[in-house]
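What follows is a short report on a single structure.
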Amino acid sequence: MRKIRATNPRLIALIQKLKEESYKNNAKIWKDIARRLAKPARNRAEVNISKINRYTKEGDVIVVPGKVLGAGTISHKVTVAAFAFSKTAKQIIEEAGGKCITIEELVKENPKGSNVRIMA
């Protein structure tokens, strides 16, 4: 894998943790997320609520290797794990009955990464 050029200590620790969990649990999804997070900030995913609403259904678990933004509305409960959330995005998801968690929390809950979808 490429050398990590990020300077954010939380991001560096997360990328390292994802690589370790991928190897330990034989879950390639975490290595893929680590690779996407290691990209420059301008190339990282920024996903709006409207896109999450369009491509998910009730009860889905979504990972966004970047930031979730608050444009749009959501009509069903979903669990969204991301590196960062805007204030409005977090508010909209929680008002719809969904959950906003960090990627670290998702890895703890689901080490194998089963039934998790990547949205970029």
Side-chain angles (χ1 to χ4, degrees):
M1 243 180 174
R2 289 183 287 132
K3 184 175 185 289
I4 302 169
R5 292 197 174 115
T7 56
N8 181 342
R10 180 177 163 239
L11 180 61
I12 294 169
L14 174 60
I15 292 169
Q16 196 61 40
K17 172 100 170 131
L18 287 170
K19 288 178 186 177
E20 289 169 8
E21 290 295 323
S22 173
Y23 179 73
K24 189 166 60 176
N25 298 311
N26 196 21
K28 292 181 180 169
I29 187 168
W30 303 131
K31 191 170 185 177
D32 186 8
I33 299 290
R35 183 182 53 78
R36 292 173 191 236
L37 284 170
K39 289 181 179 180
R42 67 182 178 275
N43 293 339
R44 256 183 246 135
E46 291 180 342
V47 177
N48 279 307
I49 296 288
S50 59
K51 185 175 182 181
I52 293 172
N53 189 47
R54 204 174 355 188
Y55 294 109
T56 61
K57 58 187 184 302
E58 181 87 22
D60 278 355
V61 179
I62 304 299
V63 176
V64 177
K67 189 167 188 171
V68 178
L69 304 175
T73 60
I74 193 159
S75 59
H76 51 274
K77 294 179 185 179
V78 290
T79 301
V80 182
F83 182 68
F85 292 91
S86 70
K87 288 180 188 174
T88 54
K90 201 167 199 168
Q91 181 182 351
I92 291 169
I93 292 170
E94 289 171 352
E95 284 175 0
K99 262 175 50 177
C100 297
I101 60 175
T102 63
I103 296 174
E104 295 98 327
E105 291 170 351
L106 182 63
V107 171
K108 275 185 190 168
E109 289 176 16
N110 189 352
K112 292 280 186 192
S114 55
N115 297 324
V116 174
R117 295 174 58 194
I118 301 172
M119 188 163 289

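Numbering starts at 1 and runs along the sequence shown.
Linking ILVMFWY side-chain heavy atoms closer than 4.5 Å, directly or via other members, places Leu18 and Tyr23 in two distinct hydrophobic clusters. Grouping the Ile, Leu, Val, Met, Phe, Trp and Tyr side chains by contacts below 4.5 angstrom, directly or via other members, places Ile101 with Leu37.
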Using the side chain to side chain contact (heavy atoms under 4.5 Å, CB included) rule, take Val107 and Ile33 through it: C-alpha gap first, then chi angles, then the decisive distance, then the call. CA-CA 11 Å; Val107 171; Ile33 299 290; over 6 Å; no
Report the C-alpha separation of Arg10 and Glu104 in whole Å, then their side-chain angles, then the decisive distance to 0.1 Å, and conclude whether the side chain to side chain contact (heavy atoms under 4.5 Å, CB included) test is met. CA-CA 10 Å; Arg10 180 177 163 239; Glu104 295 98 327; 3.7 Å; yes
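Residue Asn26 places its CG atom among 12 or fewer non-hydrogen atoms of other residues, nucleotides or ligands, all under 6.0 Å distant.
Summarising the geometry of Pro65 relative to Arg44, their closest heavy-atom pair is O-CG, 3.8 Å, with the distance given to 0.1 Å. The two residues Ile29 and Lys112 make their nearest non-hydrogen contact at CG2-O, 4.4 Å. Shown here for Ala27 and Ser22, the closest heavy-atom pair between the two residues is O-OG, 2.9 Å. The minimum heavy-atom distance linking Ala34 with Lys19 is given by the pair CB-CG, 4.1 Å. What you find for Ala45 and Ala120 is that their closest heavy atoms are CB-CA, 3.8 Å.
Arg36 forms no cation-pi arrangement with Phe83, by the criterion of a distance under 6.0 Å to the ring centre and an angle within 45° of the ring axis.
With Trp30 contributing its side chain and Pro111 its backbone, the two residues share a donor-acceptor pair below 3.5 Å.
A donor-acceptor contact closer than 3.5 angstrom is absent between the side chains of Thr73 and Asn53.
The hydrophobic cluster containing Ile49 also includes Val47, Ile52, Tyr55, Ile62, Val64, Val68, Ile74, Val78, Val80, Phe85, Ile92, Ile93, Met119, under a criterion of side-chain heavy atoms closer than 4.5 Å among ILVMFWY residues, counted directly or through chains of members.
Interatomic distance, Lys99 NZ to Glu109 CD, rounded to the nearest 0.5 Å: 4.5 Å.
We find that Glu21 and Lys24 are joined by a salt bridge, their nearest charged nitrogen and carboxylate oxygen being less than 4.0 Å apart.
Side-chain contact between Leu14 and Ile103 is present, with heavy atoms from C-beta onward closer than 4.5 Å.
Under the side-chain hydrogen bond (donor to acceptor under 3.5 Å, both in side chains) criterion, Gln91 pairs with Glu95, sequence neighbours left out.
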